[in-house]
Amino acid sequence: MENDGNTSLNKGAWSADEDATLAQYVALHGPKRWKCVAIKSGLNRCGKSCRLRWLNYLRPDVKRGNFSDAEEDLILRLHRLIGNRWSLIAKRIPERTDNEIKNYWNAHLRKKAKLMEKLPAISLAAMKENLWSEEASNGTESQETEDIGGGNEDGDDNESFDVSASELNWVKRFLELEEDV
DNA sequence: AAATGCGCCAACCGCGTGCGC
DNA sequence: AGCGCACGCGGTTGGCGCATT
């Protein structure tokens, strides 16, 4: 188990001073070796805590604030496709972090998704069949089978989907993009 | 005005994985 | 090949603020 050891380490909310210290250190040495960062920066924090703070708030390319409709829609679609793979979803949504997306899901979208589940649905199997046959005819090769199959293997295997033709296209594009990341 | 409940968000925790030695 | 360290991920918790009674 990773153990950042010291029981007298600071916990809880970060102060502006701590943020500044961390940001300054990372700007100088880069976002790696978080244990070293924690020790050498003089912050009385564990490495994990520093990493999380940097990734979620101090990184220059992270966007704060309300999610747009487009982002919300994207999250809903991606979640339906791959489940609670927050880091994967975050990679598809520029400037958003996995933690932020996870929180937004839990706070706002879970209920919405529940409602949508009750709409007329087709099975995942049917969707896959559709998708692969279309790909075969296009000669497009994808190695993302695992992402769909694997994405749902922990639990909700019989999850239902309501997938229109346009959505199917969208999913397909998503799978193609996956190879670039 | 005070008490209580609820929702949201920041942060922590435990576990799995990758990588270097 | 095995071991230990560091990192990344997803689930969960704690605390704050707002709404309701």
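Numbered from 1 within each chain, the chains take letters A, B, ... in sequence-line order.
With a 4.5 Å cut-off on side-chain heavy atoms, A:D19 and A:Y57 do not count as touching. Side-chain contact between A:I89 and A:I82: present, with at least one pair of heavy atoms (C-beta onward) separated by less than 4.5 Å. Looking only at side-chain heavy atoms (C-beta outward), A:N56 and A:V62 stay at 4.5 Å or farther from each other. Side-chain atoms of A:L109 and A:Y104, non-hydrogen and from C-beta on, do get closer than 4.5 Å to each other. Looking at heavy atoms from C-beta onward, A:D69 lies out of side-chain contact with A:D73 at the 4.5 angstrom threshold.
Computed from coordinates, the A:H79 NE2 to C:dG10 P distance equals 10 Å when rounded to whole Å. C:dG10 atom C1' lies 11 Å from atom CD1 of A:I89, rounded to whole Å. Note: CZ (A:R85) to C1' (C:dC9) measures 10 Å, nearest angstrom. The distance from atom CG of A:D98 to atom C1' of B:dA10 is 13 Å, rounded to the nearest whole Å. Rounded to an integer number of Å, the gap from A:L109 CG to B:dC8 P is 10 Å. Per the geometry, NZ belonging to A:K35 stands 15 Å off P belonging to C:dG8, to the nearest Å. For A:I101 and B:dC8, the CD1 to C1' distance is 16 Å, given to the nearest whole Å. Between the NZ atom of A:K91 and the P atom of C:dG8 there is a distance of 10 Å, rounded to whole Å.
Dashed line: the shortest gap from a side-chain N or O of A:S87 to OP1 or OP2 of C:dC9 is under 4.0 Å. In terms of phosphate contacts, A:W86 brings a side-chain nitrogen or oxygen within less than 4.0 Å of OP1 or OP2 of C:dG11. In terms of phosphate contacts, A:R33 brings no side-chain nitrogen or oxygen within less than 4.0 Å of OP1 or OP2 of B:dG20.
The two atoms that bring A:W86 and A:I101 nearest to each other are CE3-CG2, 3.8 Å, heavy atoms only. Considering all non-hydrogen atoms of both residues, A:E71 and A:K63 come closest at OE2-NZ, 3.1 Å. A:W54 and A:P31 get closest at one heavy-atom pair: NE1-CB, 3.5 Å.
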Can you list the steps and then say if A:E18 with A:N10 is a side-chain contact (heavy atoms from CB on, under 4.5 Å)? CA-CA 10 Å; A:E18 287 177 310; A:N10 279 355; 3.3 Å; yes
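Using a 4.0 Å cutoff on non-hydrogen atoms, the parts of residues 51-60 of chain A near DNA chain B are A:L52, A:R53, A:Y57, ordered by number. For DNA chain B, the neighbouring residues in residues 12-26 of chain A, judged by any heavy atom under 4.0 Å, are A:G12, A:A13, A:W14.
Of the candidates A:L22, A:T21, A:L58, A:C50 forms a side-chain contact (heavy atoms from CB on, under 4.5 Å) with just one, namely A:L22.
Ring planes of A:W105 and A:H79: parallel class, angle under 30° (limits at 30 and 60°).
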List, with names and distances, any nitrogen or oxygen atoms from the protein found under 3.5 Å away from nitrogen or oxygen atoms belonging to nucleotides 12-16 of chain C.
none

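When each of B:dC12, C:dG10, B:dC8 is scored by its nearest atom to the side-chain atoms of A:R45, the top-ranked nucleotide is B:dC12.
For the helix from B:dA2-C:dT21 to B:dC21-C:dG2, the end axes, each set by the C1' atoms of five terminal pairs, are bent relative to each other by 0° (nearest 10°).
The side-chain hydrogen bond (donor to acceptor under 3.5 Å, both in side chains) pairs that include a residue from residues 24-34 of chain A number zero, where partners must be two or more places apart or lie in different chains.
Note that CZ of A:R85 and CG of A:D98 are 13.5 Å apart. Values are rounded to the nearest 0.5 Å.
The side-chain hydrogen bond (donor to acceptor under 3.5 Å, both in side chains) check on A:W14 picks up A:S49, with sequence neighbours excluded.
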